[in-house]
Amino acid sequence: MRRHHLASAVVLILMLGASSPAHAAKPDDNPATQAQGKVIFDRTCLWCHGVTGTGDGPAGRFLGRYAAPRPRNFTTGSFKFRSTPSGDLPTDQDLFRTVTKGIPGYMPGFASLTETERWQVITYVKSFSPAFLVETPVSLPLTGTATPLGPESLDRGRALYERFECHTCHGVEGWGDGPVAQAGDLRDVSGLQIQATDLTRPSSFKNGATLQDLIRTLLTGLDGTPMPSYASRLTGTDHDGWDLAHYIRSLSAESAP
Amino acid sequence: MLRRIFILTVGTGILILIALSCLVLPNKAQAIPAFARKYDVNCTACHMAPPVLNTFGQRFLENGYQLPGTEDGGFTGKKKLGDVTLDDVGKYLAFRLVGNAVRNWSFQQQNPAGADAGVVENKTEFTFPENFVLFAGGTVAKNVGFMVELGHDVVAGETDVERGFVSFNNLGAHNLAHVRIGKFDPSAFYSVVTIRQQLNDIGESTSSGCTPYASCSLNRVGLGPGAFATKFYGLYDRSGSAISPFASTLYNSGGEMGIDVHGRPFGDSFLYQVGVLNGANENFGDTNKGKDVYAMLRYDYAKSDYFAVNFSGFIYQGNSNVQVQSHQDVNWNRYGISTRATYKMVDLYAAYSIDRINKVPTGVIGNFDATATGETIGMDTYVTNSTLLSLRYDNIDAGGMMDQRTSASFIGAKPNSTSAPTLPSLPAMTLTCGKPMEARPPRGIFETPFPPASISCSKEAPYASPSPC
């Protein structure tokens, strides 16, 4: 009985968007906040994202050179790291998490900006896309209940990895060398070649590598990349998301974050 | 009257430097990217191609190794142990090996000696990389940065502090003043930074047995990262050793002791820099006769379209007590302008400098040209995702003793293969053809003889200016 209560409490807390909660009072999205955000953006983010937020900053091309990723174009309203369904905007918390933690390999984390400054710059980033004025993004709920790590869970996870054909891109061992990836066919929305992530290196995961982070990635997909959303397959299942997440973690010797 | 005849057999010539990134041999110099590790990003976040910085990397450097627009030195990359925040030293240290693990030689085999004309033989031998550099850089606290760079020359067995300084940043207000104290590179914020060039130093080669106050025979002109700095022939340091015209000096030097302030108080577009240094390079045997002072102003345009351009100009007043033949001291000033533009993955730069000797020693008046100029035009570009092509043209219109002085032009080209973007790559091997050069008359006449086809080529490991990524 008690266990059950605990489990549902866990589910409640782990709403997908809530994995990096902010503590400072979030300033209102108003022109004054935006103006403060612009000052920070022009000092800190412009070099990659460009003054108009289209991702064409002077240093933006050197990052991936002729391959993905380029800095995000904020005017399209398409974001990779969301807790929301594929095609939706990210929540403010999602953006806060990205700006705070950064994107391994490509964007440093800006925990050095105060929380208020981070909210201000996020308000400014949102102002590049009119979609933020009309839509209210809502996080998907985390599916099922956390399953304990164990041989059964891993076996089920491995079976799902095969059934969902993750290996076609990520390879059987998760090295990012599946046949589709090797054929060089993976491209992002701007037509640039993109790597299927090496799943044995969770520290390189852009969207985080905790079990909850992984479930979020699987549910929402990474918009603008070939990494699909598995929301329809995972919603309603009791522990598939958790099993798959356990399995992905088991591909690596790195300790859990 | 016994008069020494100094013959500098350096010529104006076109020195063609082809650095081949060797595809088969394990000769890639390795670097451990300290800053990249600290911030968990690829080197490409800051570098156009290491060691050349992109706009973001420049702002990071300007801000004293803190992310642009932030004052993050207080905690990024630090370990919290109870109440104490300690530096995560593992994230600061980096080292770089420069040189080759395997070296190729071509030589004429004569067996027995003199019996026949000899056959060209190729030989491969293992070597230890000629130079390794240990460096540590980062922040010790909010707005307090540091950089230490120790270079060890394996062949000479010498270790040197190449650079080592502390910086106090964002004094007064954000980006108002950043102060560097210690041994640093004055040109760090200039459009064309001496120690961040793709074509690395190719030392000139001189004949052995040079005596004090006699000029050595120079077999091959060199290409220094500061080659765009102008050249004087016929100068000596305090011990009477001929000063290489190709030593990087004044503003374009690798490391000088002093104090330096920079900032952007007039808005984001303008950067100022002023500094005081002990004097000319230590190589010049400076006895601290007087301080050197300099000022630099730079204009930046960097907003969008994958485009950035900047222009800078500096004035340097040198109190370098180098000597001319007559053993009299001279001081000289340097003025320079430079520009750099990056568009997508093309990086273009140009620099022009003028040197003027302030007071020509009476003994050599009439036989001494007090002005020298130099210019550099270069381009680095990624032609494919992993191939960087570097081209560079240098011209020096040298000054100094008329009978020694010579002007020279260089053309350098270097294809450089880089592996994954996470690994910075360094030039692997430099094939230098071009010795001996032909002697040439004093400047004014511009000749560009190509080196004769049959000359021997030696492969040299270039010195790469180390920079943490």
For T44(B) against L63(A), the heavy-atom pair lying closest together: OG1-O, 2.9 Å
Q36(A) atom CD, over 12 foreign heavy atoms within 6.0 Å: yes
Y106(A) side chain reached by V41(B) side chain, heavy atoms, under 4.5 Å: no
Interatomic spacing from CG in N54(B) to SG in C48(A) - rounded to 0.5 Å: 7.0 Å
Per-residue contact mode, S203(A) against chain B (heavy atom under 4.5 angstrom): backbone
Distance (rounded to the nearest 0.5 Å) between Y343(B) OH and R61(A) CZ: 7.0 Å
Beyond-backbone contact of F62(A) with H47(B), side-chain heavy atoms, under 4.5 angstrom: no
Non-hydrogen side-chain atoms of H174(B) and R43(A) separated by less than 4.5 Å: yes
Backbone N/O of P104(A) and side chain of D40(B): donor-acceptor pair under 3.5 Å: no
Spacing of C46(B) atom SG and W47(A) atom CH2 [to the nearest 0.5 Å]: 12.5 Å
D72(B) backbone acceptor or donor facing S112(A) side chain under 3.5 Å: no
Most contacts with chain A, counted as non-hydrogen pairs under 4.5 angstrom, among T342(B), N175(B), D305(B), D268(B): D305(B)
Inter-residue atom distance T114(A).OG1 - E71(B).CD, 0.5 Å rounding: 11.0 Å
Side-chain donor/acceptor of R65(A) to backbone N/O of N385(B), under 3.5 Å: yes
Flag side-chain contact, heavy atom, 4.5 Å: Y306(B) against P58(A): no
Under 3.5 Å donor-acceptor, S304(B) side chain and G57(A) backbone: no
Main-chain N/O of G105(A) paired to Y39(B) side chain as donor or acceptor, under 3.5 Å: no
Residue F56(B) versus chain A: region with a heavy atom under 4.5 Å: both
Per-residue contact mode, V383(B) against chain A (heavy atom under 4.5 angstrom): backbone
Contact winner vs chain B - T54(A), D56(A), V39(A), D42(A), heavy-atom pairs under 4.5 Å: D56(A)
Among A308(B), P68(B), A302(B), residue most engaged with chain A (heavy-atom pairs, under 4.5 Å): P68(B)
